[in-house]
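Written out below as structure tokens is the structure these notes cover.
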Amino acid sequence: MDRARFDRMLARRASRRRFLAASAGAAGLVAVSRPGRPTRSAWLQATPAGSPTANPTFAANPFALGVASGDPLPDGVVLWTRLAPDPLDGGGLDGQGAIAVRWEIAADSTFSRIVQTGDATASPDLGHSVHVDAQGLEPGREYFYRFMAGSEVSPVGRTKTAPAPEASINRLRFAFASCQEWQTGFYTAYRHMAQEDLDLVLFLGDYIYEDAHGESDSPAIVRRDTSPLTETLEDYRRRHALYKLDPDLQAAHAAFPWIATWDDHEVDNDYANDRDQDDTPTDQFLARRANAYQAFYEHLPLRPESMPQGPDMRLYRRFTYGDLAEFQVLDTRQYRTDHPCGEGELARCAAAVDPATTMTGPEQEQWLLSGLDASTARWNVIGQQVLMAELLHAEEPEPIYWQDAWDGYPAARNRILSHLSSRGISNPMVLTGDWHSTFVNDLHADFEDESSPVIGTEFVVTAITTGGDNNGYEAYYRPMIGLNPHIKLFDGDRRGYIRCDVTPSTWRADIKMVATVRDRDAGIGTFASFVVEDGQPGAQPA
Ligand code: FE
Ligand code: CA
């Protein structure tokens, strides 16, 4: 984590009126000061925690949304749950105040060796969600955790801390995924992922979809939700709860720590910064964005650093796995220039190459570039949302590109790619979601110059579900692939995830595809496997 910036952020927060001031102290945050980590207690203790109910009773199981862990550090991990006995009807705790939640961390799954316990508070201001920022754990260790409220006990989750920063690591196994539209498929891919042996899961956006499908007659719909387009905080909470009720998604959360970022559909399709597709007045859209961001925070295992402040939420952050891998996790939605040449499939315009046009915002871009410079890791992962490699759609009568991806922001892309090249960043690996298709791409130092060297590798993961089986992307995009010789593999038909097995010498990626998203019990297979050798950018078939 970038602690200097974190300190400045805390100082800023302490000095301005806080959107969530009333809830901050009661948000289930355990403000523990300890050597080597800046204390968070200064602003958390500035607000009264209230006195949470210690002996609540519930009309139904309050842990129906499961448990999760995330954002692993060498000495800690975030533990999450949300009390919601009636998840689809406001949570079922209307009118109830803060509720005390006990948590336990153990070295074994039967909790015979408990290593830490504590009390958190589930506050109504944050939907009775609980985020425990557990600290003082051992690096590179497996732990088990659970929560208790009243006489109720949660399911048990398993998690794992990151290795010590200076540790020499021989192996890292993780999976990455994106795009889990509930209505167009079962989470069969997660059912299988939960059985893997992984250190973590990286989620790259579209955790929920905001739109209404209640009336849709699309044959892709396999389960129907009749709720309207999400706009209010209650709408977004209900949508997250609907998704979280799925047992296979819960299983994948309970099995591994997740590092999650968002894309557009957590708020609204293809939004850019403070603009939505319909050019809704900015104040109105930012109020909606605040609702969406808060619900996202409430339902993901995120640190207090990511607590939203009105329509702003810091989600870009960094994770180090010893000397083997460093993850730079980006947010390419919140700070980007509104589509400089318009939305959809269009030719480039002058604004696309204006130096002021940005995908990350200048602050995040500087954070990324300086973080890459400071990294000592063998593999430098950039986890982000939208296709980074060029995808030329058509050459005649003029070159056409998809404007919501990095192709709409070519100058911003070139600043990053040329930095990776000129600084000799070790093994750049860009991991991408959004496209509901699989790509394996060579990243060139400059896509405007076909002879420029390959300096990195991009894996684009297909959707967990979105669009269902054979969603039409194969037929649409296949004819374009030949125009883009840097694309080593494309598949538009199948849904699944990518599992990575990383050692100092080799990065292996197994592309896992389910037989169908229409059957919860469907099988899974390895569609293709690629390897990247240390020091040799570009993936090769395994
Ligand atoms: Fe998506
Ligand atoms: Ca998307």
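Atoms within a ligand are numbered from 1 in the order they appear, just like the ligands themselves. Just so it is clear, the model here is predicted, and its values are computed rather than measured.
- Excluding waters, the protein N/O/S atoms found under 3.0 Å from the Ca ion (ligand 2) are Asp206 OD2, Asp263 OD2, Asp264 OD1, Asp434 OD1.
- Tyr187 does not carry Arg495 over the face of its six-membered ring by the limits of under 6.0 Å from the centre and within 45° of the normal.
- By the 30° and 60° cut-offs, the orientation of the rings of Tyr316 relative to Tyr335 is perpendicular.
- Trp367 carries Arg318 over the face of its six-membered ring, with the cationic atom under 6.0 Å from the centre and within 45° of the normal.
- Taking the six-membered ring where the residue is Trp, His299 and His240 present parallel rings, their angle staying beneath 30° rather than reaching 60°.
- Counting only N and O atoms by type, the side chains of Asp225 and Ser227 include a donor and acceptor under 3.5 Å apart.
- Tested against Trp262, the residues Phe296, Tyr209, Tyr207 include a single ring-ring contact (aromatic ring centres under 6.0 Å, His included) partner, Phe296.
- The six-membered or imidazole ring of Trp402 lies away from that of Tyr409, with a centre-to-centre distance of 6.0 Å or more.
- With no hydrogens or angles considered, a side-chain donor-acceptor pair links Asp510 and Ser529 at under 3.5 Å.
- Aromatic ring pairs are classed by plane angle as parallel below 30°, tilted from 30° to 60° and perpendicular above 60°; the pair Phe174 and Phe327 is perpendicular.
- Shown here are the protein N/O/S atoms lying under 2.8 Å from the Fe ion (ligand 1), water excluded: Cys179 SG, Asp206 OD2, Tyr209 OH, His436 NE2.
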